[in-house]
Q: 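First the structure, which I've put down as structure tokens, then a few questions once you've had a look.
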Amino acid sequence: MSNSGWKVYEALNWASSYLQESKRDENAGEILLRHFLQVERSGLFANFHTEIPDQIQVKFKEAVELHVKGTPIQYIIGHEDFYGRKFKVTGEVLIPRPETEELIFHILRKIPSVFGRKNGLSLVDIGTGSGAIAITMKLEHPTLDVTATDISEASLEVAKENAGDLGADVRFIRGDLLQPFIEKEQTLDIILSNPPYIPLHDKEWMSEVVIGHEPHRALFAGEDGLDFYWRFMEELPLVVKKPGLIGFEIGAGQGESVADMLRSTFPEALVSVEYDINGKDRMVF
Ligand code: SAM
Ligand code: GLN
């Protein structure tokens, strides 16, 4: 097949066989081409026999090449959908995951059962990355007073941009876990976090795509992946109100360990482990 003057279907055929050969998702070609042509799926089909402008063809080939070498598609196109909204992502932030949408779903259901119809509840999202959790919570539950933190200034820049683009009124603070609140002696109603939880020695288990391209500070957490939860157990009692609601995303298999930590830190609390749609323990409340 000639490389110049590709029609849409020729570009897609080239990409899908190249991606398949390289053991990548063959649908990546369609996503990338739609991104560069700025069309919906239907626009792509309607123009199956239309020739692609030269500069777009060059960009498309480069992008497929990058993905074949391991760059996640979301970093190439610069965004990911989360809870029905588009979040900007750069290599400085974790690409928000569908598992984390399930954390939002559960928290939204638990808020009324813990707090009734109370307004103005304070919610913090610790380690906000792209801002996915904090921004989604504010937009889904506008009466919350939402603060998001991260240790990384670069992440916070991305999160602030997302909050601006999506029109979410969220406060952003740089800081180490709950320290900013402890320093100000501020107490909180709802504390959420999807902290790093991948065991260091499990690097092999992680796909090469993630290891090579997503920030390690967002992923790895000591030998057993539990370092951040241990630190939270020391800091939580200083800031959580009673009644209060704590929600963690966890790695599969960590449910009972994290639940036990919470039970010994808060003997009077109701602790539950929730499973994701793939049947893995994924959240502790
Ligand atoms: N909340 C985002 C999400 O769910 O997509 C990102 C979660 S990512 C697994 C963990 C985040 O925690 C990263 O953005 C990382 O920069 C941040 N982080 C790492 N260590 C931290 C610390 N000591 N204090 C606050 N944030 C931290
Ligand atoms: N769910 C992410 C992954 O498996 C990890 C996120 C985290 O460490 N909190 O790639």
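Note that the numbering runs from 1 along the sequence shown for the chain. If you're wondering where the values come from, they're calculated on a predicted model, not measured in any experiment. Both ligands and their constituent atoms are indexed starting at 1 by order of listing.
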Q: With a sphere of 6.0 Å drawn around NZ of K86, does it hold more than 12 non-hydrogen atoms of other residues, nucleotides or ligands?
A: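 No, because the 6.0 Å sphere around NZ of K86 holds 12 heavy atoms or fewer from other groups.
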Q: With heavy atoms under 4.0 Å as the rule, classify the contact between I133 and ligand 1 as side chain, backbone, both or neither.
A: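 Near ligand 1, I133 shows its side chain, while the N, CA, C and O stay back.
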Q: Is a side-chain donor or acceptor of T136 paired with a backbone partner of A132 at a separation under 3.5 angstrom?
A: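 Yes: the side chain of T136 pairs with the backbone of A132.
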Q: Could you list which atoms of ligand 1 come closer than 4.0 Å to a heavy atom of D176?
A: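 Counting atoms of ligand 1 from 1, those under 4.0 Å from D176 are 22 (C), 23 (N), 24 (N).
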Q: What is the ring orientation for Y18 with W14, classed by angle as parallel under 30°, tilted 30 to 60°, or perpendicular over 60°?
A: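 The arrangement is tilted - the two ring planes meet at 30° to 60°.
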Q: Got the closest protein heavy atom to atom 2 (C) of ligand 1, with its distance?
A: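 Going by distance alone, atom 2 (C) of ligand 1 is nearest to T128 O, 3.2 Å.
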Q: Which heavy atom of the protein is the closest neighbour of atom 26 (N) of ligand 1, given with residue, atom name and distance?
A: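 Going by distance alone, atom 26 (N) of ligand 1 is nearest to I151 N, 3.3 Å.
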Q: Which atoms of ligand 2 sit under 4.0 Å from any heavy atom of P196?
A: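 Going through ligand 2 atom by atom, the ones under 4.0 Å from P196 are 8 (O).
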Q: Please evaluate residues R97 and E214 with respect to the criterion salt bridge (Lys or Arg N to Asp or Glu O under 4.0 Å), reporting the C-alpha separation (whole Å), side-chain torsions for both, the decisive distance (0.1 Å), and the verdict.
A: CA-CA 12 Å; R97 303 286 203 270; E214 300 199 89; 2.7 Å; yes
Q: In terms of side-chain heavy atoms, does D189 have a donor or acceptor partner in S122 at a distance below 3.5 Å?
A: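 Side chains of D189 and S122: pair found under 3.5 Å.
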Q: Quick test of your reading: applying side chain to side chain donor-acceptor pair (under 3.5 Å), list the pairs with at least one residue in residues 274-285, sequence neighbours left out, ordered by first then second residue.
A: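 Matches after skipping sequence neighbours: K110-E274, Y197-R282, D276-R282.
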Q: Looking only at the side chains, is there a donor atom on one of S155 and E92 sitting less than 3.5 Å from an acceptor on the other?
A: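 No, E92 and S155 have no side-chain donor paired with an acceptor closer than 3.5 Å.
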Q: Name the closest protein heavy atom to atom 19 (C) of ligand 1, giving the residue it belongs to and the distance to 0.1 Å.
A: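 Checked against all protein heavy atoms, atom 19 (C) of ligand 1 sits closest to R217 O, 3.4 Å.
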Q: State the atoms of ligand 2, each with its element, that fall below the 4.0 Å cut-off from a heavy-atom position in L219.
A: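 Under 4.0 Å from L219, ligand 2 has these atoms: 5 (C), 8 (O).
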Q: Just by distance, with hydrogens left out, do T128 and D125 show a side-chain donor and acceptor under 3.5 Å apart?
A: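 Yes, D125 and T128 have a side-chain donor paired with an acceptor closer than 3.5 Å.
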Q: Is a side-chain donor or acceptor of E30 paired with a backbone partner of L12 at a separation under 3.5 angstrom?
A: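 Between the backbone of L12 and the side chain of E30 there is no qualifying donor-acceptor contact (under 3.5 Å).
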Q: So which protein heavy atom does atom 24 (N) of ligand 1 come closest to, and at what separation?
A: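 Result for atom 24 (N) of ligand 1: L177 N, 2.9 Å.
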Q: Donor-acceptor pair, distance only, cut-off 3.5 Å: does the side chain of E80 make one with the backbone of Q74?
A: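 A pair under 3.5 Å: no.
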Q: For atom 14 (O) of ligand 1, which of the options D150, L94, T100 provides the nearest non-hydrogen atom?
A: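 Selected option, by shortest heavy-atom distance: D150.
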Q: Sequence neighbours left out, what passes ring pair (Phe, Tyr, Trp, His ring centres under 6.0 Å) with F60? Give chain and number order.
A: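 Partners of F60 under the ring pair (Phe, Tyr, Trp, His ring centres under 6.0 Å) test: none.
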Q: Among all the protein's non-hydrogen atoms, which is closest to atom 9 (C) of ligand 1, and how far away is it?
A: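 Residue, atom and distance for the closest contact: A218 O, 2.8 Å.
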Q: By number and element, which atoms of ligand 2 are closer than 4.0 Å to a non-hydrogen atom of P195?
A: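 Close to P195: 7 (C), 8 (O), 9 (N).
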Q: Taking non-hydrogen atoms only, is L219 closer than 4.0 angstrom to ligand 1 via side chain, backbone, both or neither?
A: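 The answer is neither; L219 stays 4.0 Å or more away.
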Q: Before signing off on this row, confirm whether Y197 and ligand 2 have an N or O atom pair separated by under 3.5 Å.
A: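 Such a contact does occur with ligand 2.
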Q: Residue-level breakdown please: for Y197 versus ligand 1, do any non-hydrogen atoms fall below 4.0 Å on the side chain, on the backbone, on both, or on neither?
A: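 Answer for Y197: neither.
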Q: In terms of atom number and element, which parts of ligand 1 are under 4.0 angstrom from non-hydrogen atoms of G175?
A: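 Near G175, the atoms of ligand 1 are 24 (N), 25 (C).
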Q: Any N/O of R97 closer than 3.5 Å to an N/O of ligand 2?
A: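 In this structure, R97 places an N or O atom under 3.5 Å from an N or O of ligand 2.
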Q: Would you check whether N194 has a nitrogen or oxygen atom less than 3.5 angstrom from a nitrogen or oxygen atom of ligand 1?
A: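 Yes, there is a polar N/O contact under 3.5 Å.
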Q: What atoms of ligand 1 come closer than 4.0 angstrom to any heavy atom of G127?
A: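 Contacts of ligand 1 toward G127, numbered from 1: 1 (N), 2 (C), 6 (C), 7 (C), 11 (C), 12 (O), 17 (C), 26 (N).
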